[in-house]
Amino acid sequence: MPTFFIILISVYLAGNIYIFIKGLRALPTCHSGIKVAAGILFWCGALSLFGSLLSRNVEMPSFISHTMYEIGTGWLIFTLYMVIFLLLTDILKRFYTPFRYGFPVSLLLTFILLGCGYYNYRHPKTNAVDITINKPYENNSQPIKIVAVSDIHLGYGTGKSALKKYVDMINEQKPDLILIGGDLIDNSVVPLYTEKMSEELSELKAPMGIYMVPGNHEYISGIDESARFIKSTPIQLLIDSVVTLPNGIQLIGRDDRHNPSRRSLQELMENIDKSRPIILLDHQPYNLTDAEAAGIDLQFSGHTHHGQVWPMSLVTDYIYEQSHGYRQWGDTHIYVSSGLSLWGPPFRIGTESEMVVFELSAGSTDISNTSSPLL
């Protein structure tokens, strides 16, 4: 893992050096003072990523912390697209007629793309999925409405105002049950206490309860500190545990893969009644055939973010057997969410932020997927 981060940082710095050199060449007639000022501003932006990550546990005014975080992480995507566009202009210069305005055109296209990506991120979609399982539960003449979200990443990026919008969005569905598939918290619980985010989370309403499992970021934030914060809200944290709801539906909450000692799915299934519906929450969507083999009816996962921005979405499609959306594996229905919010850069380019609404019914095994994206 340290090797991976060293490579990532090296690539990031190399990309910024490339952009910086191209920028200087685009300002040949400018006064040296302007070049120096532009250079200082550029490297303040480029290095702000490290400042935002190093100060994650430092208490500071929310406006300053949010600004630092968004600039620092946003610069990652700025670097990605500027490098892509500048390389394309270099290719044009090599194989076609000279292209004199490569840097300003690249800068303009990057800002347009980031603006569209920011708007897309701030307007999450609601994806509805109707699922019918061939197992009974009490009062099964009425479908159960389940709102499932993942990867909210509360912290310096997703603050209290964004959380209020998400809570209102969830409550508008009037859910019977709310499921959170991990990574509720981003990198630290400090901003959650500073902004009193438990107040907004306490507004969530669901008569059958609100349940979540830890994700890798609950461990990054400190699992004990994360659990302590969650305990101050109506959310029930499931860590390798099983809850039987009043209507007989069994809810399994797996610990995250970040904990190498987590229990296996087979161990968690030991006292499960397979004649009753079984819902599995597991943050990271690995080994999905295990859920099918175990007799899980519905699995909800997150973690992938579907890459957040293109071309990272191609990477997650390659890594995960199901990186986003709905798929039926035998009698098991699996949904991998791209996340209601996101980690780091506040952009969605080629992907979407989403809330999933399941209408769960008992009956035949036919399912109707009304609007969820298919793989």
Side-chain angles (χ1 to χ4, degrees), residues 1-2 4-5 50-62 65-66 68-69 73 148-160 162-163 166-167 178-204 206 209-243 251-265 267-268 279-286 300-305 337 339-344:
M1 189 62 72
F4 170 78
F5 281 111
F50 304 108
S52 65
L53 295 177
L54 292 172
S55 63
R56 66 190 179 96
N57 289 318
V58 177
E59 291 190 33
M60 63 182 75
S62 59
S65 60
H66 283 292
M68 283 181 56
Y69 188 83
T73 57
V149 296
S150 183
D151 299 277
I152 301 176
H153 288 274
L154 296 177
Y156 293 122
T158 304
K160 191 172 184 177
L163 176 58
Y166 296 148
V167 169
I178 297 173
L179 302 178
I180 303 172
D183 281 4
L184 173 68
I185 302 168
D186 191 30
N187 297 325
S188 171
V189 298
V190 170
L192 280 66
Y193 286 112
T194 301
E195 294 194 51
K196 300 180 180 179
M197 294 192 202
S198 60
E199 295 177 349
E200 294 300 330
L201 291 171
S202 296
E203 295 298 317
L204 288 170
I210 308 163
Y211 297 92
M212 73 166 283
V213 290
N216 55 304
H217 276 260
E218 271 72 44
Y219 278 92
I220 291 171
S221 302
I223 188 62
D224 292 335
E225 291 81 0
S226 297
R228 191 175 301 115
F229 172 80
I230 292 165
K231 197 171 182 180
S232 69
T233 74
I235 301 168
Q236 184 170 339
L237 181 63
L238 302 179
I239 303 179
D240 278 348
S241 54
V242 179
V243 170
L251 180 60
I252 301 174
R254 289 200 74 184
D255 199 356
D256 185 66
R257 285 166 57 94
H258 204 92
N259 178 8
S261 301
R262 72 171 182 165
R263 298 176 67 190
S264 68
L265 182 57
E267 290 175 305
L268 292 171
I279 299 175
L280 171 65
L281 288 178
D282 192 355
H283 179 62
Q284 301 189 42
Y286 288 99
F300 181 71
S301 297
H303 182 65
T304 71
H305 296 210
S337 173
L340 182 55
S341 187
L342 39 68
W343 173 88

For [Y], is there any backbone N or O sitting under 3.5 Å from a side-chain donor or acceptor partner on [X]?
X	Y	result
Asp183	His153	no
His303	Gln284	no
Thr158	Gly155	no
Glu267	Ser264	yes
Tyr211	Ile235	no
Ser221	Glu218	no

Once you round to the nearest 0.5 Å, how far does [atom1] of [X] lie from [atom2] of [Y]?
X	Y	atom1	atom2	answer
Ile239	Met212	CD1	CE	8.5 Å
Glu203	Thr233	CD	OG1	12.0 Å
Ile180	Leu281	CD1	CG	9.5 Å
Met197	Ser202	CE	OG	13.0 Å
Ser150	His305	OG	NE2	7.0 Å
Ile152	Leu201	CD1	CG	7.5 Å

*For side-chain contact (heavy atoms from CB on, under 4.5 Å), just list the numbers for Arg228 and Lys231, CA-CA rounded to whole Å, side-chain angles, deciding distance to a tenth of an Å, and then say yes or no.*
CA-CA 5 Å; Arg228 191 175 301 115; Lys231 197 171 182 180; 5.7 Å; no

Is any side-chain heavy atom of [X] closer than 4.5 Å to a side-chain heavy atom of [Y]?
X	Y	result
Leu179	Val149	no
Leu184	Leu154	yes
Asn187	Tyr156	no
Leu204	Ile178	yes
Val243	Gln236	yes
Asp240	Leu268	yes
Val189	Ser226	yes
Ser337	Asp151	no

*Take Arg254 and Asp282 through the salt bridge (charged side-chain N to carboxylate O under 4.0 Å, His left out) test and state the conclusion after the steps.*
CA-CA 5 Å; Arg254 289 200 74 184; Asp282 192 355; 3.6 Å; yes

*Mind listing the closest non-hydrogen atom pair of His258 and Tyr219 along with its distance?*
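Of all heavy-atom pairs spanning His258 and Tyr219, the closest is CD2-CB, 3.3 Å.
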
*asked:* Using every non-hydrogen atom in the two residues, find where Ala227 and Leu237 come nearest and quote the distance to one decimal.
replied: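 Residues Ala227 and Leu237, closest heavy atoms: CB-CD2, 3.9 Å.
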
*Apply the side-chain contact (heavy atoms from CB on, under 4.5 Å) test between Val242 and each candidate in Leu280, Ile252, Leu251; give the one that qualifies.*
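That would be Ile252; it is the only one of Leu280, Ile252, Leu251 passing the side-chain contact (heavy atoms from CB on, under 4.5 Å) with Val242.
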
*Report the C-alpha distance between Glu199 and Lys160 in whole Å, list the side-chain angles of each, state the deciding distance to 0.1 Å, and finish with yes or no for side-chain contact (heavy atoms from CB on, under 4.5 Å).*
CA-CA 9 Å; Glu199 295 177 349; Lys160 191 172 184 177; 2.7 Å; yes

*So, are Asp255 and Arg262 salt-bridged, with charged N and O less than 4.0 Å apart?*
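Salt bridge absent between Asp255 and Arg262.
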
*Start with the C-alpha distance between Asp186 and Trp343, add both sets of side-chain angles, then the distance that settles side-chain contact (heavy atoms from CB on, under 4.5 Å), and finish with yes or no.*
CA-CA 7 Å; Asp186 191 30; Trp343 173 88; 3.1 Å; yes

